[in-house]
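Report on the structure given below.
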Amino acid sequence: QVQLVESGGGLVQSGGSLRLSCVASGSIFSVNAMGWYRQAQGKERELVANVISSGSANYADSVKGRFTISRDNAGNTVYLQMNSLKPEDTAVYYCNAEIATMSLTILRSWGQGTQVTVSS
């Protein structure tokens with residue numbers, strides 16, 4: 001019923017920038033929150049940043065001052081602007097959303113993941 005489509009991952013040198021995008025589509029009544037998680041090789045998946053419908057955003061300490069999360073006016077697209085990238089940022093990045101469907105069922109949806117690799 002709901003799909004999250006991610007784009008923007010790739011290979012970048014240390015200090016460079018990438019911009020990730022995620023678009024939610026399907027039988028959506030409202031998107032309550034969207035965010036980004038990442039999972040590095042051999043590590044647990046962790047929250048990078050999220051934003052709720054009010055526009056309030058939260059960031060992991062490791063990315064504060066470097067990453068910026070934002071949503072478009074419709075609320076179905078979330079972006080993650082990643083600046084001053086470090087090799088430690090290398091991970092698979094997953095889009096996540098809390099969505100109320102047209103049947104008013106609350107669910108959590110995940111994107112397929114997009115690889116971000118930062119070379120030293």
Side-chain angles (χ1 to χ4, degrees):
Q1 293 291 334
V2 175
Q3 300 83 39
L4 301 179
V5 180
E6 302 155 319
S7 62
L11 174 65
V12 66
Q13 289 186 319
S14 181
S17 298
L18 286 172
R19 183 177 175 88
L20 305 183
S21 300
C22 175
V23 180
S25 62
S27 300
I28 298 172
F29 179 80
S30 65
V31 179
N32 298 327
M34 299 188 77
W36 293 93
Y37 290 70
R38 68 186 182 188
Q39 186 167 19
Q41 186 69 37
K43 296 185 178 180
E44 297 293 320
R45 189 173 299 185
E46 64 177 353
L47 175 68
V48 178
N50 61 13
V51 59
I52 61 177
S53 58
S54 67
S56 297
N58 296 295
Y59 297 91
D61 288 341
S62 60
V63 307
K64 286 181 179 178
R66 299 188 297 120
F67 291 10
T68 302
I69 190 170
S70 60
R71 292 175 70 176
D72 67 357
N73 291 333
N76 287 358
T77 304
V78 65
Y79 306 93
L80 186 67
Q81 179 67 46
M82 303 184 293
N83 298 327
S84 301
L85 282 162
K86 305 174 181 179
E88 307 93 89
D89 297 316
T90 296
V92 178
Y93 284 69
Y94 297 90
C95 181
N96 176 261
E98 181 183 288
I99 294 169
T101 68
M102 294 301 293
S103 63
L104 301 184
T105 299
I106 303 297
L107 57 84
R108 299 286 297 274
S109 295
W110 291 91
Q112 79 286 352
T114 183
Q115 178 70 46
V116 172
T117 302
V118 184
S119 62
S120 60

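Listed by chain and number, the residues in a salt bridge (charged side-chain N to carboxylate O under 4.0 Å, His left out) with Lys64 are Asp61 (sequence neighbours excluded). Annotation: side chain to side chain contact (heavy atoms under 4.5 Å, CB included) contacts of Ser103 (sequence neighbours excluded): Thr101, Thr105. Applying the side chain to side chain contact (heavy atoms under 4.5 Å, CB included) rule to Asn58 yields the partners Asn50; only residues at least two apart in sequence or on another chain are considered. In this structure, the side chain to side chain contact (heavy atoms under 4.5 Å, CB included) partners of Ser25, at least two apart in sequence or on a different chain, are Gln3. Among residues two or more places apart in sequence or in another chain, the side chain to side chain contact (heavy atoms under 4.5 Å, CB included) test is passed with Thr90 by Gln115, Thr117, Val118.
Within the structure, the ring pair (Phe, Tyr, Trp, His ring centres under 6.0 Å) test picks out no pair touching residues 5-35 (sequence neighbours left out). The ring pair (Phe, Tyr, Trp, His ring centres under 6.0 Å) contacts involving residues 60-102 comprise nothing, where partners must be two or more places apart or lie in separate chains. For residues 30-51, the ring pair (Phe, Tyr, Trp, His ring centres under 6.0 Å) pairs, not counting sequence neighbours, are Tyr37-Trp110. Applying the salt bridge (Lys or Arg N to Asp or Glu O under 4.0 Å) definition to pairs two or more places apart or across chains, those involving residues 19-40 are Arg38-Glu46, Arg38-Asp89. Identified under the disulfide bond (SG atoms under 2.5 Å apart) test for residues 19-110, with sequence neighbours left out: Cys22-Cys95. Applying the ring pair (Phe, Tyr, Trp, His ring centres under 6.0 Å) rule to pairs touching residues 38-57 yields nothing, sequence neighbours excluded.
When each of Val51, Val48, Thr68 is tested with Tyr59 by the rule side chain to side chain contact (heavy atoms under 4.5 Å, CB included), just one qualifies, namely Thr68.
Both Val92 and Leu47 are assigned to one and the same hydrophobic cluster, defined by single-linkage of ILVMFWY side chains at heavy-atom distances under 4.5 Å.
With side-chain heavy atoms closer than 4.5 Å counting as contact, directly or through intermediates, Ile106 stands alone and belongs to no larger hydrophobic cluster.
In terms of heavy atoms, Arg108 sits closest to Asn96 at NH2-OD1, 2.7 Å. Scanning both residues, Leu85 and Arg66, for their nearest heavy atoms gives CA-NH1, 3.9 Å.
By the 4.5 Å heavy-atom criterion applied to side chains, Val31 and Val78 are not counted as neighbours.
Counting heavy-atom neighbours within 6.0 Å of Gln81 CD, excluding the residue itself, gives a total above 12.
Looking at Ser17 and Asn83, their side chains do bring a donor and an acceptor atom within 3.5 Å of each other.
For the atom pair OG (Ser109) and CD (Glu98), the distance works out to 10.0 Å, reported to the nearest 0.5 Å.
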